[in-house]
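Reading through the structure tokens given below for one structure.
As a basis for the values below, the full set of heavy atoms in this structure was taken, side chains included, without hydrogen atoms, waters or symmetry mates.
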Amino acid sequence: MPRRPSPARGLGDRIFRVQLTASGVIVLAIMAAVGLFLLLRAGQALRTRGIWNFLTTAQWQPDVHRFGIAAVLTGTLLIAAVAVTISVPLALGTALFISDVAPRTLRRTLVSMVDLMAAVPSVVYGLWGLFFLQQHVIGVSRWLSDWFGWIPFLHVDGTQPGEPLASQSVYTASTFVAGIVVALMVAPIQCSVMREVFAQAPAGEREGAYALGATRWGMIRAVVLPYGMGGIIGGTMLGLGRALGETIAVYLIISPVFTIQPHILQTGSNSVSSLIALHYGDASTFGMSALMAAGLALFLLTLAVNFTASSIVARSRSGAQSEA
């Protein structure tokens with residue numbers, strides 16, 4: 001029976017392999033330790049309240065044993081949904097422009113600018129959103145409410161379409177404003193993933209599309225987008241994972257409420273991370289356990305999103321089918 005050839009491995013290769021394996025094990029061990037720590041610290045609150053009641057209660061009064069994450073989890077998901085809705089088209093257009101449209105002399109500058117956006121601290125985004133963006137978005141919120149208020153999540157309580165004397169305060173500190181700020185924070189991450197995948201589209205298929213008479217947009221639609229679909233989905237989900245856990249920027253903008261608030265244009269919202277930042281300093285022993293339970297829920301949610309995104313991105317790097 002013929003023997004299967006095996007590549008020769010020197011000492012350097014074996015050391016490198018051990019280092020990579022150890023790094024992967026250490027990362028997994030740290031994540032498991034974080035999850036176990038949160039679970040142990042949250043045990044008292046979860047045993048007292050019960051997992052189902054904890055997930056379905058909107059109030060947050062841990063000292064009288066009436067608390068849950070229904071309201072803050074809903075706000076977290078809504079802010080993340082608004083952020084992804086805005087950031088994905090922005091990141092996709094920027095990535096396509098950099099990879100297939102911009103001149104070579106301009107690409108490096110654009111890449112540096114996008115990477116610089118990712119390096120800006122979240123508190124800077126939060127202050128910018130609070131003192132500058134919010135007052136300029138009120139008009140957009142009012143217009144959306146006047147013309148599309150018949151859609152439930154765009155309705156604003158206490159206002160009438162076209163009412164000139166309506167108070168502007170009902171549109172401030174909303175899910176919509178927080179979502180826009182978070183969108184600008186996650187767009188660079190999404191753009192980087194998409195750009196890297198688009199750059200791997202086979203040059204032969206690009207040239208073949210041009211040879212068949214395709215325009216630049218036709219080539220992008222027939223070759224680049226199908227090839228990079230995994231990167232688009234993976235980048236979107238990586239940005240979603242970042243949006244779910246954003247703390248400081250959301251904390252500075254929103255007006256916390258502990259009711260399920262589905263109206264994204266109306267003042268009042270909340271998130272799990274902002275809840276922890278708000279109550280961490282004055283929490284009792286039992287209240288700290290409740291906050292740890294909320295952190296555990298957010299940890300599991302973001303972990304699931306990021307693992308799914310990583311698997312999609314890894315598959316996209318191995319190649320994809322295109323229509324060309």
Starting at [atom1] of [X], measure out to [atom2] of [Y] and round the result to the nearest 0.5 Å.
X    : Y    : atom1 : atom2 : value
L265 : T172 : CG    : OG1   : 12.0 Å
L252 : T247 : CG    : OG1   : 10.5 Å
I15  : L11  : CD1   : CG    : 4.0 Å
L73  : L298 : CG    : CG    : 8.5 Å
I79  : L244 : CD1   : CG    : 10.0 Å
L303 : F307 : CG    : CZ    : 5.0 Å

T215: what forms a side chain to side chain donor-acceptor pair (under 3.5 Å) with it, not counting sequence neighbours?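 So T215 forms no side chain to side chain donor-acceptor pair (under 3.5 Å) with any residue.
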Suppose we screen for side chain to side chain donor-acceptor pair (under 3.5 Å). Which residues come up paired with D282, at least two apart in sequence or across chains? none
Given V82 and L78, is the side-chain contact (heavy atoms from CB on, under 4.5 Å) satisfied, shown in steps? CA-CA 6 Å; V82 172; L78 287 175; 5.6 Å; no
Return the minimal non-hydrogen interatomic distance between [X] and [Y], and the atom names on each side.
X    : Y    : result
A173 : Q134 : N-OE1, 2.6 Å
I253 : G126 : CG1-O, 4.0 Å
V250 : S274 : CG1-OG, 3.5 Å
L275 : A294 : CD2-CB, 4.3 Å
V197 : G228 : CG1-CA, 3.5 Å
V156 : S145 : CG2-OG, 3.6 Å

Donor-acceptor list for residues 174-187 side chains, cut-off 3.5 Å, not counting sequence neighbours:
from	atom 1	to	atom 2	distance (Å)
S174	OG	F176	N	3.4
S174	OG	V177	N	3.3
T175	OG1	S269	OG	3.0

For [X], side-chain contact (heavy atoms from CB on, under 4.5 Å) partners two or more places apart:
X    : result
S23  : none
A283 : M288, L291
L38  : V34, M292, L296, F299

Test log, rule side-chain contact (heavy atoms from CB on, under 4.5 Å), inputs I232 and L92: CA-CA 8 Å; I232 295 173; L92 179 60; 3.9 Å; yes
Using only atom types and a distance under 3.5 Å, with no angle test, would you say the side chain of E205 pairs donor to acceptor with the backbone of A201?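 Not confirmed, E205 side chain does not pair with A201 backbone.
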Donor-acceptor check, side chain of N270 to backbone of V257, threshold 3.5 angstrom: yes or no?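 Yes; at least one donor-acceptor contact below 3.5 Å.
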Per the side chain to side chain donor-acceptor pair (under 3.5 Å) rule, what does the pair list look like for [range], sequence neighbours excluded?
range            : answer
residues 283-292 : D63-S284
residues 74-101  : S87-Q190, D100-R206
residues 117-132 : none
residues 251-265 : none

Answer whether the closest heavy-atom distance between the side chains of P121 and V124 falls below 4.5 Å. yes
Heavy-atom neighbours of M113 CE exceed 12 at 6.0 Å: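 Atom CE in M113 is not packed in, count stays at 12 or less.
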Residue from V111, L238, D115 passing side chain to side chain contact (heavy atoms under 4.5 Å, CB included) with S192: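 For S192, the side chain to side chain contact (heavy atoms under 4.5 Å, CB included) check succeeds only for D115.
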Would L106 and I98 count as a side-chain contact (heavy atoms from CB on, under 4.5 Å) here? Give the steps. CA-CA 8 Å; L106 185 60; I98 293 175; over 6 Å; no
Stepwise side-chain contact (heavy atoms from CB on, under 4.5 Å) test for V72 and S271: CA-CA 4 Å; V72 293; S271 71; 5.9 Å; no
List, one per line, each side-chain donor-acceptor pair under 3.5 Å for residues 40-54, sequence neighbours excluded.
from	atom 1	to	atom 2	distance (Å)
T48	OG1	Q44	O	2.8
R49	NE	F67	O	3.3
R49	NH1	H65	O	3.3
R49	NH2	T57	OG1	2.8
N53	ND2	R49	O	3.2

Out of curiosity, does [Y] fall in the hydrophobic cluster containing [X] (side-chain heavy atoms, cut-off under 4.5 Å, transitive links)?
X    : Y    : value
F258 : I260 : no
V170 : I151 : yes
L133 : I248 : yes
Y171 : I264 : yes
F198 : Y210 : yes

Which pairs count as salt bridge (charged side-chain N to carboxylate O under 4.0 Å, His left out) when at least one residue sits in residues 233-254, sequence neighbours excluded? R242-E246
